[in-house]
Amino acid sequence: PYTLLAKSNVAAMLTELGQLERAETMHREILQSRRQILGPGHPQTMESLQNLLEVLRKDVNHDKDVKLLQQEYLAYLQRAATNPEAGLRIKDQYAWELLVAIPAELRDPVKARQIIEEVLQESDERLPQYLDTYAKACFQIGDIARAIELEREAIEKAPAESTLRIKFARRLKKYEESAIVQKAIDGDPSD
C-alpha cells in the first residue's frame with residue numbers, strides 16, 4: 001500500500017507537469033494493482049479511478065474504456081452518497097462528478113443540483129466547495145445569473161490567498177463571459 005501511495009504521488013506530479021501519457025500509464029498501473037490487492041470497491045481503489053479520470057479529462061484523446069471507467073466511478077459514488085450514513089462531502093463529490101463526467105452524455109446537472117441543494121440544507125455552513133458545485137450545476141442548467149451569484153459567494157468564503165479562490169475566480173470569469181454572450185444573443189440593449 002505504501003508503494004502504491006508513493007506511485008500515486010508521482011503520478012499526480014506528472015499530471016501537474018503536463019506529462020499526461022506517463023501519468024495515465026502510472027495511474028492505470030496503480031488502479032490495476034489496487035483492484036487486485038484491495039478489491040474493486042475499496043475507497044483507495046476508487047481514489048485511483050478518480051485520479052485516472054482526472055488525467056483523462058485533460059486529454060482530449062480519450063481511450064475507449066473511459067466511459068466504462070466513468071460509469072464505474074459514478075456507480076460507486078451513487079452507492080456511497082445514498083448510504084444513510086453518507087457524509088456531505090461524498091454527496092458533494094457525487095454531485096461534482098455528475099457535472100464533469102466523461103463522456104458528456106453521462107452528465108446530469110439537474111440531479112447534481114438536487115443533490116447539492118440537499119447538501120447545503122443539511123450543512124451547518126455554506127462551505128465554498130459546496131457553493132462552487134452548486135454554481136457549476138446552475139451554470140450547466142442555464143441559470144447563469146444564479147451561477148455567478150453562487151460563485152461570488154464561494155470566492156468570498158474561500159480562504160484568502162488559496163488555490164480555491166483562483167479556481168473559483170476562473171469559473172466566475174467564464175460564467176460572467178457567458179452572461180455577456182447571452183445578453184448579446186437575447187438582444188439586451190443595456191450593454
Side-chain angles (χ1 to χ4, degrees), residues 8-9 12 15-16 41 43-44 46-58 70-183 185-186 188 190-191:
S8 184
N9 290 337
T15 302
E16 289 299 314
Q44 287 181 19
M46 290 298 107
E47 180 183 304
S48 293
L49 181 53
Q50 178 188 19
N51 292 339
L52 175 58
L53 286 168
E54 288 298 322
V55 171
L56 292 172
R57 282 188 192 107
K58 294 178 183 205
Q70 183 67 75
Q71 288 172 321
E72 178 185 356
Y73 189 54
L74 283 170
Y76 167 78
L77 288 174
Q78 182 179 27
R79 283 190 306 275
T82 56
N83 181 324
E85 297 176 17
L88 299 179
R89 292 183 74 188
I90 193 72
K91 291 177 183 182
D92 174 63
Q93 189 175 355
Y94 179 42
W96 183 262
E97 200 64 28
L98 287 168
L99 297 169
V100 299
I102 51 173
E105 67 194 50
L106 296 177
R107 295 178 188 165
D108 190 345
V110 173
K111 186 174 185 178
R113 183 175 68 175
Q114 178 187 5
I115 293 166
I116 198 63
E117 284 174 346
E118 291 171 9
V119 166
L120 285 166
Q121 287 175 354
E122 294 175 32
S123 179
D124 294 336
E125 61 179 303
R126 293 170 67 88
L127 295 178
Q129 295 89 332
Y130 300 163
L131 293 166
D132 179 55
T133 301
Y134 193 14
K136 189 168 185 74
C138 288
F139 179 76
Q140 287 187 8
I141 290 168
D143 189 351
I144 299 172
R146 182 76 173 130
I148 291 170
E149 176 185 320
L150 289 163
E151 203 64 57
R152 285 181 178 152
E153 186 180 352
I155 292 168
E156 182 181 303
K157 291 186 178 286
E161 299 182 31
S162 68
T163 57
L164 282 181
R165 278 193 178 209
I166 296 166
K167 288 179 186 179
F168 296 168
R170 285 186 193 134
R171 279 196 268 279
L172 176 60
K173 182 178 179 184
K174 176 183 171 185
Y175 301 160
E176 290 172 336
E177 288 171 354
S178 292
I180 292 168
V181 169
Q182 189 62 48
K183 279 185 181 181
I185 290 171
D186 293 343
D188 188 343
S190 64
D191 265 351

* Could I get the full list of side chain to side chain contact (heavy atoms under 4.5 Å, CB included) partners for Gln44, not counting sequence neighbours? => Arg34, Leu38, His42
* Under the side chain to side chain contact (heavy atoms under 4.5 Å, CB included) test, residues paired with Ala169 that sit two or more places apart -> Ile155
* To do: Show your reasoning for whether side-chain contact (heavy atoms from CB on, under 4.5 Å) applies to Gln121 and Val119.
  => CA-CA 5 Å; Gln121 287 175 354; Val119 166; over 6 Å; no
* Please step through side-chain contact (heavy atoms from CB on, under 4.5 Å) for the pair Leu49 and Glu72, ending with a clear verdict. => CA-CA 9 Å; Leu49 181 53; Glu72 178 185 356; 3.7 Å; yes
* **Approximate separation, where rounding is to 0.5 Å, of Leu52 CG and Ser48 OG** => 9.0 Å
* Over all heavy atoms of both residues, which pair between Ala179 and Ile144 is shortest? Give the atoms and the distance, please. => CB-CG2, 3.8 Å
* **Sidechain-backbone polar pair: Ser178 side chain, Lys174 backbone, donor-acceptor under 3.5 Å** => yes
* Structure fact -> Residue pairs meeting side-chain hydrogen bond (donor to acceptor under 3.5 Å, both in side chains), one or both in residues 157-173, sequence neighbours left out, come to Asp132-Arg171
* Separation between CD1 of Ile115 and CG of Leu88, rounded to the nearest 0.5 Å -> 12.5 Å
* Structure fact -> Glu122 meets the side chain to side chain donor-acceptor pair (under 3.5 Å) criterion, sequence neighbours left out, with Lys91
* Asked: Taking only residues two or more places apart in sequence, or in another chain, which ones meet Lys111 in a side chain to side chain donor-acceptor pair (under 3.5 Å)?
  -> Tyr94
* Kindly give the heavy-atom pair with the smallest separation between Cys138 and Arg113, and that separation in Å. => SG-CD, 4.2 Å
* To do: Could you walk me through whether Lys136 and Ile116 pass side-chain contact (heavy atoms from CB on, under 4.5 Å), step by step?
  => CA-CA 10 Å; Lys136 189 168 185 74; Ile116 198 63; over 6 Å; no
* Would you please name every residue forming a side chain to side chain contact (heavy atoms under 4.5 Å, CB included) with Gln93, sequence neighbours left out? => Gln50, Tyr73, Leu77, Ile90
* Working to the nearest 0.5 Å, report the span between CG of Leu120 and CG of Leu131. => 5.5 Å
* To do: Any side-chain hydrogen bond (donor to acceptor under 3.5 Å, both in side chains) involving residues 95-106? Give me the pairs, sequence neighbours left out, ordered by first then second residue.
  => Arg57-Glu97, Lys67-Glu105, Gln70-Glu97
* Structure fact -> Sequence neighbours excluded, the answer for side chain to side chain donor-acceptor pair (under 3.5 Å) partners of Gln140 is none
* Close side-chain approach of Leu98 and Pro109, heavy atoms under 4.5 Å -> no
* Structure fact -> Rounding to 0.5 Å, atoms CZ (Arg79) and CG (Leu74) come to a distance of 11.0 Å
* **side-chain contact (heavy atoms from CB on, under 4.5 Å) between Gln71 and Leu106, intermediate numbers included** => CA-CA 8 Å; Gln71 288 172 321; Leu106 296 177; 3.9 Å; yes
* Heavy atoms only: give me the nearest Ala135-Ala147 pair and the separation to one decimal. => O-CB, 3.3 Å
* Pairs in or reaching into residues 145-156: which pass side-chain hydrogen bond (donor to acceptor under 3.5 Å, both in side chains), with residues at least two apart or in two chains? -> Arg126-Glu153, Arg146-Glu149, Arg152-Glu176
* ring pair (Phe, Tyr, Trp, His ring centres under 6.0 Å) partners of residues 140-178, not counting sequence neighbours, each pair once -> Phe139-Tyr175
* To do: Identify the heavy atoms of Ala86 and Ala80 that sit nearest to each other, and give their distance.
  => CB-O, 3.1 Å
* To do: With sequence neighbours excluded, tell me which residues meet side chain to side chain donor-acceptor pair (under 3.5 Å) with Glu117.
  => Tyr134
